[in-house]
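Predicted model, so just to flag it, every value in this text is computed and none were measured. For this chain, numbers begin at 1 and follow the sequence in order.
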Amino acid sequence: MIAKQARQALALQRFAEANPQLLEEIRELDAREQAQQIEWAFEDAADELGIQPWEYALQLIAESPEQLKAMRLETHREVAEALGLEWEAYCEFNEIDPQ
């Protein structure tokens, strides 16, 4: 599985590679501005899909449906822990199958 620290960068890279027209539009910007434009376009694309950017990132980097499910559950587990909620209660509230 892809290290958590590398997930967002890889997702942004894959998003940019899949959107050559975006890269063409921003090619004359400096590297920092290009990165910002790619991130904004990525967030807009997630919004158009009706999902959170973290979910879109996982979809772009998952190598299989099983890996996507495992990464989603891992992320939800981290959120439950950060909120101080029991995993079962969190899953029930968010209609998540913990399997």
Side-chain angles (χ1 to χ4, degrees):
M1 197 171 325
I2 299 160
K4 284 188 266 185
Q5 302 87 336
R7 290 178 183 174
Q8 185 69 13
L10 180 57
L12 290 172
Q13 177 187 344
R14 289 188 178 170
F15 175 79
E17 290 168 354
N19 291 281
Q21 77 286 354
L22 171 63
L23 295 178
E24 180 61 27
E25 291 172 14
I26 64 173
R27 70 180 162 82
E28 295 193 22
L29 299 175
D30 68 43
R32 183 187 59 77
E33 290 172 324
Q34 285 182 13
Q36 189 174 49
Q37 291 295 320
I38 291 168
E39 189 164 348
W40 287 342
F42 173 85
E43 290 171 356
D44 288 346
D47 191 47
E48 288 175 16
L49 293 170
I51 58 177
Q52 294 294 316
W54 68 266
E55 176 77 18
Y56 189 39
L58 295 182
Q59 288 180 10
L60 289 174
I61 64 172
E63 296 174 6
S64 69
E66 295 79 18
Q67 186 182 45
L68 176 59
K69 183 177 180 178
M71 288 189 298
R72 278 184 183 144
L73 285 175
E74 177 185 40
T75 301
H76 280 293
R77 211 175 262 287
E78 290 171 359
V79 171
E81 288 175 16
L83 294 173
L85 296 173
E86 293 293 324
W87 176 236
E88 293 76 20
Y90 177 88
C91 288
E92 184 177 323
F93 180 76
N94 289 287
E95 300 177 356
I96 295 171
D97 179 5
Q99 303 301 322

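Using a 4.5 Å cut-off on side-chain heavy atoms (C-beta onward), Phe42 and Leu60 make contact. In this structure the side chain of Tyr56 never reaches within 4.5 angstrom of the side chain of Glu48, judged on heavy atoms.
When every heavy atom of Leu29 is checked against every heavy atom of Gln37, the shortest pair comes out as CD1-CG, 3.8 Å. For the pair Gln59 and Leu68, the tightest heavy-atom approach, listed with the atom from each and the gap, is N-CD1, 3.8 Å. Closest approach of Phe15 and Ile38 over heavy atoms only: CE2-O, 3.9 Å. Of all non-hydrogen atoms in Ala41 and Leu22, the two that sit nearest each other are CB-CD2, 3.7 Å. The shortest non-hydrogen separation linking Glu63 to Gln67 is N-OE1, 2.6 Å.
To the nearest 0.5 Å, atoms CG (Leu73) and SG (Cys91) are separated by 7.0 Å. To the nearest 0.5 Å, atoms CD (Gln34) and CD (Glu39) are separated by 14.0 Å.
In summary, Arg77 and Glu74 do not engage in a salt bridge, as defined by a charged side-chain N under 4.0 Å from a carboxylate O.
Clustering ILVMFWY residues whenever any of their side-chain heavy atoms sit less than 4.5 angstrom apart, transitively, puts Leu83 in the very cluster that holds Trp87. Hydrophobic cluster membership differs between Trp54 and Val79, with clusters built from Ile, Leu, Val, Met, Phe, Trp and Tyr side chains linked at under 4.5 angstrom.
Under 3.5 Å, the side chains of Gln13 and Glu17 contain a donor-acceptor pair of N or O atoms.
Within 6.0 Å of CD on Glu86 lie no more than 12 heavy atoms contributed by other residues, nucleotides or ligands. When the shell of 6.0 Å around CD of Glu78 is examined, it contains more than 12 heavy atoms from other residues, nucleotides or ligands.
Note on ring orientation: taking the six-membered ring where Trp is involved, the planes of His76 and Tyr90 are tilted (angle from 30° to 60°).
Exactly one residue among Arg7, Lys69, Arg72 makes a salt bridge (charged side-chain N to carboxylate O under 4.0 Å, His left out) with Glu55. That residue is Arg72.
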